[in-house]
Amino acid sequence: MTPEDILKIFVEQHRLCSPLDPEADPSEELTMNSTIDDWTNANDLLPWRPLSRYLNDQFNFSATEEEWQNVLTPSDERTLYDVCSFICKKLSYSAVVPMKLFGQECLSAAVFITLKKHLQRRQVDVTNLKPSSSITPYLEKYFSPMLEQTTILAKGEKVFDQLTLKRKKKGFFNYINVFDKDRYTLLSGDIQTFKDLTMKIIEANKLVETIE
């Protein structure tokens with residue numbers, strides 16, 4: 001991956017996530033020249049120490065706190081170019097290679113297995129995960145790792161048109177009951193299953209599937 005690919009991942013994550021967070025700023029346009037302050041305010045991100053641990057987890061490498069401090073502070077001077085360049089130096093990224101299925105190469109199986117592997121690494125319970133599984137329960141329970149690993153596999157290209165919240169329960173009490181974590185569901189447009197998600201990732205990467 002290039003620094004530009006990493007920036008596209010951050011921009012796409014901001015596009016999808018910021019409208020769902022009242023503390024984020026969907027209007028912010030992130031560029032290589034955006035400061036860390038611009039980035040954290042746009043996404044309602046954590047301070048630099050927990051943010052560094054989050055980035056290690058997201059991109060699957062182990063940079064030290066001292067290394068991250070040099071990249072993320074001072075936050076009004078360091079930029080996304082510094083972050084994207086640093087991640088590229090640390091990142092070990094392997095292209096998804098089609099796997100053999102019934103004697104033929106199958107790219108969708110390779111993408112699904114790769115996504116499943118990275119979700120499991122992020123503590124997502126993938127025990128019963130199949131291509132036919134609905135993505136909604138996973139988005140609701142594991143929103144961050146789902147979005148992060150999808151945008152990384154797609155290298156920042158659009159997979160979801162948008163994500164929207166819909167209230168599950170009607171009535172005034174359910175409207176004001178902010179402590180009920182089950183009162184909303186996430187709508188994911190035409191992506192309903194992990195097979196849909198897999199094919200969208202393939203399409204986003206402009207890869208060619210050899211069999212259905």
Open item on the list: I'd like to know if Phe61 and Leu72 are part of one continuous hydrophobic network [Ile/Leu/Val/Met/Phe/Trp/Tyr, side-chain heavy atoms within less than 4.5 Å].
Closed with: yes

- [ ] Check for a donor-acceptor pair, side chain of Asn205 on one end and backbone N or O of Ile202 on the other, with a separation under 3.5 Å.
- [x] no

Open item on the list: For Arg121, give me all partners under salt bridge (charged side-chain N to carboxylate O under 4.0 Å, His left out), at least two apart in sequence or on another chain.
Closed with: none

Open item on the list: Please find the pair of heavy atoms, one from Cys84 and one from Pro3, that lie closest to each other, and give the distance.
Closed with: CB-O, 3.5 Å

TODO: May I ask you to test the Met32-Leu7 pair for a side-chain heavy-atom distance under 4.5 Å?
DONE: yes

- [ ] Quick one: pull up CD1 in Ile201 and OG in Ser108 and give me the separation to the nearest 0.5 Å.
- [x] 11.0 Å

Open item on the list: Quick one about Gln13 and Thr151 (side-chain donor to acceptor, distance below 3.5 Å, no hydrogens or angles considered), yes or no?
Closed with: yes

Task: Ser18 and Asp21: CA distance, side-chain angles, deciding distance, side-chain hydrogen bond (donor to acceptor under 3.5 Å, both in side chains) verdict - done: CA-CA 5 Å; Ser18 60; Asp21 185 345; over 6 Å; no

- [ ] Taking only Lys NZ, Arg NE, NH1 and NH2, and the carboxylate oxygens of Asp or Glu, determine whether Asp125 and Lys141 approach each other closer than 4.0 Å.
- [x] no

- [ ] Using salt bridge (charged side-chain N to carboxylate O under 4.0 Å, His left out) as the criterion, list what pairs up with Arg122, not counting sequence neighbours.
- [x] Glu148

TODO: Would you check if Phe10 and Arg15 make a side-chain contact, meaning some heavy-atom pair closer than 4.5 Å?
DONE: no

- [ ] Flag yes if Leu187 and Leu197 sit in one hydrophobic cluster, no otherwise; membership is Ile, Leu, Val, Met, Phe, Trp, Tyr, and two members link when side-chain heavy atoms are under 4.5 Å apart.
- [x] no

Open item on the list: Any non-hydrogen side-chain atom of Asn70 less than 4.5 Å from a side-chain atom of Asp82?
Closed with: no

TODO: Start with the C-alpha gap between Lys158 and Glu12, add the side-chain angles, then the distance that decides, and say whether salt bridge (charged side-chain N to carboxylate O under 4.0 Å, His left out) holds.
DONE: CA-CA 7 Å; Lys158 183 188 287 188; Glu12 182 63 2; over 6 Å; no

- [ ] State the CD-CG distance between Gln58 and Leu51, to the nearest 0.5 angstrom.
- [x] 9.5 Å

Open item on the list: My understanding is that only residues two or more places apart in sequence, or in another chain, count here; which of them pass side-chain contact (heavy atoms from CB on, under 4.5 Å) with Ser34?
Closed with: Leu30, Thr31, Asp38, Leu80

Open item on the list: Is there a path of hydrophobic side-chain contacts, each under 4.5 Å between heavy atoms of I/L/V/M/F/W/Y residues, joining Leu91 to Ile152?
Closed with: yes

Task: Side-chain donor-acceptor pair present, Asp37, Ser75, cut-off under 3.5 Å - done: yes

Open item on the list: When you compare the side chains of Asp25 and Ser27, does any donor N or O come within less than 3.5 Å of an acceptor on the partner?
Closed with: yes

Open item on the list: Looking at every non-hydrogen atom in both residues, tell me the closest pair between Leu163 and Phe160 and how far apart they are.
Closed with: CD2-CD2, 3.8 Å

Open item on the list: What's the separation between atom OG in Ser132 and atom NZ in Lys195, rounded to the nearest 0.5 Å?
Closed with: 9.5 Å

Open item on the list: Could you measure the distance from the CG atom of Asn128 to the OG atom of Ser133? Nearest 0.5 Å is fine.
Closed with: 7.5 Å

- [ ] Rounded to the nearest 0.5 Å, what's the gap from OG1 on Thr73 to CD1 on Ile36? Could you check?
- [x] 9.5 Å

- [ ] Say whether Tyr54 and Ile87 are linked into one hydrophobic cluster, either directly or through other cluster members, by side-chain heavy-atom distances under 4.5 angstrom.
- [x] yes

Open item on the list: Test of understanding: clusters of I, L, V, M, F, W, Y form through side-chain heavy atoms closer than 4.5 Å, transitively. Do Ile113 and Val159 belong to the same one?
Closed with: yes

- [ ] Report yes if some heavy atom in the side chain of Val126 is under 4.5 Å from a heavy atom in the side chain of Leu119; otherwise report no.
- [x] yes

- [ ] Given side-chain contact (heavy atoms from CB on, under 4.5 Å), test Trp48 with Glu65 step by step and report yes or no.
- [x] CA-CA 9 Å; Trp48 77 264; Glu65 193 171 277; 3.6 Å; yes

Open item on the list: With heavy-atom distances below 4.5 Å as the criterion, would you say the side chains of Leu115 and Gln149 are in contact?
Closed with: yes

Open item on the list: Could you walk me through whether Tyr81 and Asn33 satisfy the side-chain contact (heavy atoms from CB on, under 4.5 Å) test, starting with their C-alpha distance in whole Å, then the side-chain angles of each, then the deciding distance to 0.1 Å, before giving a yes or no?
Closed with: CA-CA 7 Å; Tyr81 176 79; Asn33 295 322; 5.9 Å; no

TODO: Examine distances only and state if a side-chain atom of Asn56 and a backbone atom of Ala63 form a donor-acceptor pair shorter than 3.5 Å.
DONE: yes

Task: ring-ring contact (aromatic ring centres under 6.0 Å, His included) partners of residues 124-143, not counting sequence neighbours, each pair once - done: Tyr138-Phe194

Task: Gln192 (side chain) donor-acceptor with Gly189 (main chain) under 3.5 angstrom - done: yes

Open item on the list: Quick one, Phe86 and Ile6 - any side-chain contact, counting heavy atoms below 4.5 Å?
Closed with: no

Open item on the list: Taking the side chain as everything from C-beta on, heavy atoms only, tell me whether Thr193 gets closer than 4.5 Å to Asp196.
Closed with: yes

Task: Residues forming a salt bridge (charged side-chain N to carboxylate O under 4.0 Å, His left out) with Lys90, sequence neighbours excluded - done: Glu67

Task: Those residues that, when tested against Lys8, pass salt bridge (charged side-chain N to carboxylate O under 4.0 Å, His left out) (two or more places apart) - done: Glu157

Open item on the list: Once rounded to the nearest 0.5 Å, what's the spacing between atom CD of Glu28 and atom OG1 of Thr40?
Closed with: 10.0 Å

